[in-house]
Amino acid sequence: MDRFVIQGPTRLEGQLAVGGAKNAVLPLMAAALLSRGESVIDNVPDLQDVRFFMTILEGLGARCQLEFNRLRIDTTDLDSHEAPYDLVRKMRASIYVLGPLLARRGEARVSLPGGCAFGPRPVDLHQKGMRALGAAVDEEHGYIVARAPGGLQGGRFRFDPVSVGATCNVLMAAVLARGESRLENCAIEPEVTQLVAALVRAGARIEGVGTRTLQVQGVDSLKPLDDAVIPDRIEAGTYLAAAAVAGGRVHLEGVRQDHMAPVVAVLRDLGCDISEQGDGLTCERRGKLQPVRVETQPYPGFPTDMQAQVMAAAALADGVSFITDTIYPDRFTHAAEMVRLGANIEVKNGTATIIGTERLQAAPVMASDLRASAALVLAATAAHGITEVRRVYHIDRGYQSIEERLAALGARITRQSE
Ligand code: UD1
């Protein structure tokens, strides 16, 4: 298992290009199952999660090839409708194959994802949504088994709470269902909107793109996808937060300013200077950080996937910060690890209270989930001494060569393999 060894503190200075969004490419990959033939997706980041989803698609009979950030998925010889436990347990997003398989093959068998490092993550809405489209859905021996032998039928469904994954999954099923569907209280994260737009380009009939109500008129078949993945707003936010935590100036190229607004607002509250130029964004921190109050919300609110990185900054702020995660109230495993780095954090009832400190100190810490791990790496760049971050495979799931990119900004970070 690899670990990062990070010597701090260092200021960060320099520029980076942002890659394609992990959370946008995964539903697009699943959507490739909806048509027969070769889908082409550009600007695909070479991440563990993408490689992993390719394995799932290959298990279903698809052929996948990722070269120079172009992903080709050929679904001509699809011959299975099962996503087995050994694959699904490694990545919850595997559940995205449920809707497309059910729509295209009339049957899907997908392992229940099981536990997660940031608390309970049910998949009941995915199942209820498929039922609303006329499927019989059961749980058998740890698997979701969904059947619609006569095809899916349009229906009405309301997501409560708003769910990124369930919106994508049920929508992918609805586009090939007979008749009309109405999906209410849909997620409007940019990654969802990208999927909706891609489906429309492939021939789906969907009204309400970018809104919380999607009205779908089912079609008999779709064309293969031909799309480019939007920039990763969480990767971008993480590197901007790195400038906040370590101090210095980081310029990013290739961002979508509109997608970055909730994160930029919090970075400004932290006292960072942010400047926007076309598709470029610069974050500079010169003086002390200011305390913040942050509450995660579905988009366009502040993303839960940026909560840990902001906590690393708040740990060094001049005052007391409060971070509440309304989406995953238990998503605070990073807090205890940050305490090992000298941060002063207490978590109670879904809110972290962070009393800022002048100085973090190096310590061995353990990564527990993707964004938590990235936050520990950021904290380590500011901590005095040599920090070891263990279990970095979590980071590799969602950040391409984070150590090379931070090193290019001046961080003293190396990867060690055991
Ligand atoms: C996606 C993102 C993840 C992000 C999360 C919230 C991907 C691959 N992952 O995860 O990075 O942190 O959105 O922005 O895109 N819920 C239910 N029942 C369900 C499904 C969800 O109650 O069937 C609840 C969840 O417990 C949570 C809330 O809905 O409280 C939102 O979760 P959801 O948007 O579904 O998250 P994911 O799609 O799993």
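Read the numbers this way: they start at 1 and go in the same order the structure lists the ligands and their atoms.
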Taking a cutoff of less than 4.0 Å between a non-hydrogen atom of the residue and any ligand atom, is [X] in contact with ligand 1?
| X | result |
| --- | --- |
| Gln297 | no |
| Leu370 | no |
| Pro303 | no |
| Glu191 | no |

May I ask you to say whether [X] pairs ionically with [Y], meaning some side-chain N is under 4.0 Å from a carboxylate O?
| X | Y | value |
| --- | --- | --- |
| Asp227 | Arg201 | yes |
| Asp396 | Arg415 | yes |
| Arg256 | Asp258 | yes |

Could you tell me whether [X] and ligand 1 have an N or O pair separated by under 3.5 Å?
| X | result |
| --- | --- |
| Pro161 | no |
| Asp305 | yes |
| Ala166 | no |
| Leu26 | no |
| Thr304 | no |
| Ile327 | yes |
| Arg121 | yes |

Check ligand 1 against [X] and write out every atom of the ligand that is under 4.0 Å from a heavy-atom position of the residue.
| X | value |
| --- | --- |
| Val123 | 19 (C), 23 (O) |
| Arg331 | 12 (O) |
| Gly165 | 35 (O), 38 (O) |
| His126 | 23 (O) |

Protein contact of [atom] - nearest heavy atom, named by residue and atom, plus distance:
| atom | value |
| --- | --- |
| atom 1 (C) of ligand 1 | Val164 CB, 4.0 Å |
| atom 25 (C) of ligand 1 | Tyr328 CE2, 4.0 Å |
| atom 19 (C) of ligand 1 | Pro122 O, 3.1 Å |
| atom 2 (C) of ligand 1 | Asn23 ND2, 3.5 Å |
| atom 18 (N) of ligand 1 | Asp124 OD1, 2.7 Å |
| atom 35 (O) of ligand 1 | Ser163 OG, 2.6 Å |

With heavy atoms under 4.0 Å as the rule, classify the contact between [X] and ligand 1 as side chain, backbone, both or neither.
| X | answer |
| --- | --- |
| Tyr299 | neither |
| Arg92 | neither |
| Ile234 | neither |

### Query
Under a 4.5 Å cut-off applied to non-hydrogen side-chain atoms, are Thr324 and Thr326 in contact?
yes
**Q.** Side-chain touch Arg397/Phe52, heavy atoms, less than 4.5 angstrom
**A.** no
| said: Under 3.5 Å, is there a donor on one side chain and an acceptor on the other for Thr296 and Thr304? | reply: no
Any donor and acceptor pair, going by atom type alone, linking the side chain of [X] with main-chain N or O of [Y] inside 3.5 Å?
| X | Y | value |
| --- | --- | --- |
| Asn69 | Val44 | yes |
| Glu139 | Val145 | no |
| Arg104 | Leu33 | yes |
| Asn169 | Gly99 | yes |

Filtering Val162, Leu125, Asn169 for the heavy atom nearest atom 28 (C) of ligand 1 leaves Val162
| query | Would the number of heavy atoms belonging to other residues, nucleotides or ligands and lying under 6.0 Å from CD of Glu276 be above 12? | reply | yes
| said: Check for me whether Arg109 meets the cation-pi criterion with Tyr143, that is, NZ or CZ under 6.0 Å from the six-membered ring centre and within 45 degrees of the ring axis. | reply: yes
Exercise for review: Show your reasoning for whether salt bridge (Lys or Arg N to Asp or Glu O under 4.0 Å) applies to Glu184 and Arg182.
Suggested key: CA-CA 6 Å; Glu184 295 169 359; Arg182 185 180 164 88; 2.8 Å; yes
Salt bridge (charged side-chain N to carboxylate O under 4.0 Å, His left out) test vs Asp305 passes for just one of Arg233, Lys22, Arg331, namely Arg331
Using 30° and 60° as the class limits, which term best fits the ring planes of Phe159 and Phe157: parallel, tilted or perpendicular? perpendicular
